[in-house]
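Following: one structure in structure tokens, then a few remarks.
Since we're looking at a predicted model, the values are computed, not measured. All chains are named by letter (A, B, ...) in the order of the sequence lines, taking the proteins before the strands, and each is independently numbered beginning at 1. These values consider heavy atoms only, across backbone and side chains, with no hydrogens, waters or symmetry-generated copies.
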Number of protein chains: 2
Amino acid sequence: MDSAGIRDRALDAAEELFYGRGVQSVGMDDVRSASGVSLKRLYQLFPSKEQLVEAYLERRDGRWRGRLAEYVEQYGEPRERILAVFDWLGRWFGEPGFRGCAWINAYGELGATSARVAGQVRAHKRAFRDYLASLVDAAGLPGALAGQLFLLAEGAMVTAGVTRSAEPAAEAREAARLLLRTL
Amino acid sequence: MDSAGIRDRALDAAEELFYGRGVQSVGMDDVRSASGVSLKRLYQLFPSKEQLVEAYLERRDGRWRGRLAEYVEQYGEPRERILAVFDWLGRWFGEPGFRGCAWINAYGELGATSARVAGQVRAHKRAFRDYLASLVDAAGLPGALAGQLFLLAEGAMVTAGVTRSAEPAAEAREAARLLLRTL
DNA sequence: ACGGTAGGAGAACGCTCGTTCTCGCGTCAA
DNA sequence: TTGACGCGAGAACGAGCGTTCTCCTACCGT
């Protein structure tokens with residue numbers, strides 16, 4: 001098994017555990033058991049748990065935004081693309097094992113103690129907001145709308161996570177539709 | 001010093017520490033140092049750390065919703081009262097030491113491991129949503145609006161916490177104003 | 001075949017922290 | 001006065017866990 005494949009296996013296990021149970025309640029030993037990657041290898045690839053956490057968030061960030069963009073690409077009409085963001089959120093919320101936004105959760109857990117994790121959360125949220133701003137701009141709509149859509153999406157993520165329901169996506173979509181309609 | 005006063009002192013210290021640094025990174029010893037209440041007393045009043053955490057969240061819930069309602073009471077016109085919620089959020093976000101929503105943070109930290117904390121978070125959010133629904137209802141507006149305003153408020157809390165800025169409150173207020181205007 | 005190296009399993013180490021225990025002191029009723 | 005009691009200070013205990021170390025096995029080039 002090559003080093004990249006082992007790294008993937010470790011990150012796969014870390015992601016499932018960290019996302020599902022929180023970072024602090026998962027030990028390096030749990031990651032070893034779940035991944036089959038020995039502690040020695042784990043520490044060769046990630047010299048500390050915090051670096052494993054950072055790698056987990058970074059890889060998930062790329063995948064999350066990639067999946068969102070891929071879904072939105074299906075739509076051609078600029079306003080439809082904006083609403084598609086909320087449709088995609090609804091699909092995500094309905095996936096088995098959904099437990100809220102990984103970055104919001106990580107911020108609650110580690111934001112006060114790990115400046116690097118806090119920075120990654122801010123970077124992820126800024127990237128998501130910028131993406132919304134690009135959709136708004138492409139539709140020729142005023143820039144202020146992006147911030148409002150962003151707040152709706154964040155509120156939907158938090159609420160879906162806490163209540164374990166996909167419905168906030170539909171509520172946010174409807175609010176977004178009303179905001180679009182006035183423009 | 002009577003038992004109730006000691007309990008208050010303990011909760012005051014616990015609240016400041018738990019809210020400011022997160023629950024897991026604060027030890028019972030830290031609470032003792034900050035409050036001046038001995039460990040023996042602490043464990044008499046709260047037989048376990050989890051119960052101290054629950055008491056912290058419960059007392060904060062009452063105060064938080066009380067302060068919000070008190071602020072909103074100042075306004076007579078039903079639609080103004082709805083917008084006043086977002087004004088109050090902006091004031092809260094600007095307070096020194098603001099570190100986001102205590103319940104969202106607690107959910108990220110403990111939601112996966114403590115069913116009781118998760119339940120308290122859900123109860124707090126439900127109560128806040130119900131309060132918004134009562135304002136919407138009093139204004140004779142459709143019930144669906146309450147969910148949309150709730151998402152805006154939640155998104156603003158999360159974003160203000162992560163970015164350490166009070167601005168999301170103004171953005172959410174503007175979105176709320178636009179949603180109200182169409183009705 | 002064989003010395004050297006990489007790697008796995010898991011023990012070991014050291015620290016943190018929730019919780020309990022010990023000890024000594026002051027208080028108060030009889 | 002005295003003895004039981006409450007309490008604070010802080011040591012002690014035990015578990016969990018991040019990190020490192022030991023030991024053993026398997027494979028490599030020569």
Please report the closest heavy-atom contact between [X] and [Y], naming both atoms and the distance.
{"X": "B/L52", "Y": "B/A14", "answer": "CD1-CB, 4.0 Å"}
{"X": "B/G100", "Y": "B/W92", "answer": "O-CZ2, 3.8 Å"}
{"X": "B/L149", "Y": "B/L132", "answer": "C-CD1, 4.1 Å"}

Exercise. Figure out the CE/C1' separation between A/M28 and C/dA9, and round it to whole Å.
Key: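 So the two atoms are 16 Å apart, to the nearest Å.
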Quiz item: Could you state the CZ-P distance from A/R41 to C/dA6, rounded to the nearest angstrom?
Solution: 11 Å
Practice problem: For A/R79 and A/L180, indicate whether the former's side chain and the latter's backbone hold a donor-acceptor pair under 3.5 Å. | Solution: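 Indeed, once roles are kept as given, a pair shorter than 3.5 Å links the two residues.
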Quiz item: Between C/dG7, C/dC23, C/dT19, which nucleotide gets closest to the side-chain atoms of B/L39?
Solution: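 Out of C/dG7, C/dC23, C/dT19, the nucleotide with an atom closest to B/L39's side chain is C/dT19.
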Practice problem: Hey, could you give me each pair passing salt bridge (Lys or Arg N to Asp or Glu O under 4.0 Å) that has a residue in residues 87-106 of chain A? Not counting sequence neighbours. | Solution: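 The answer is A/R67-A/E95, A/D87-A/R173.
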Quiz prompt | Selection residues 136-164 of chain A - residue pairs positive for salt bridge (Lys or Arg N to Asp or Glu O under 4.0 Å), sequence neighbours left out | solution = A/K125-A/E154
Quiz item: Between B/D29 and B/K40, which has a closest nucleotide on DNA chain D that is more 5'?
Solution: B/K40
Practice problem: Provide the start and end nucleotides, 5' to 3', of the part of DNA chain D that has atoms under 4.0 Å from heavy atoms of chain B. | Solution: D/dC7 to D/dG10
Practice problem: Among residues two or more places apart or on two chains, list those pairs meeting ring-ring contact (aromatic ring centres under 6.0 Å, His included) that have a residue in residues 9-55 of chain A. | Solution: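 Those involving residues 9-55 of chain A are A/F18-A/Y56.
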Quiz item: Any ring-ring contact (aromatic ring centres under 6.0 Å, His included) pairs touching residues 143-175 of chain A, not counting sequence neighbours?
Solution: A/F128-A/F150
Quiz item: Where along residues 43-55 of chain A does a heavy atom come under 4.0 Å from DNA chain D, residue by residue in number order?
Solution: A/Y43, A/S48, A/K49
Quiz item: So what does B/V26 touch, heavy atoms closer than 4.0 Å: a base, only the sugar-phosphate, or nothing?
Solution: sugar-phosphate
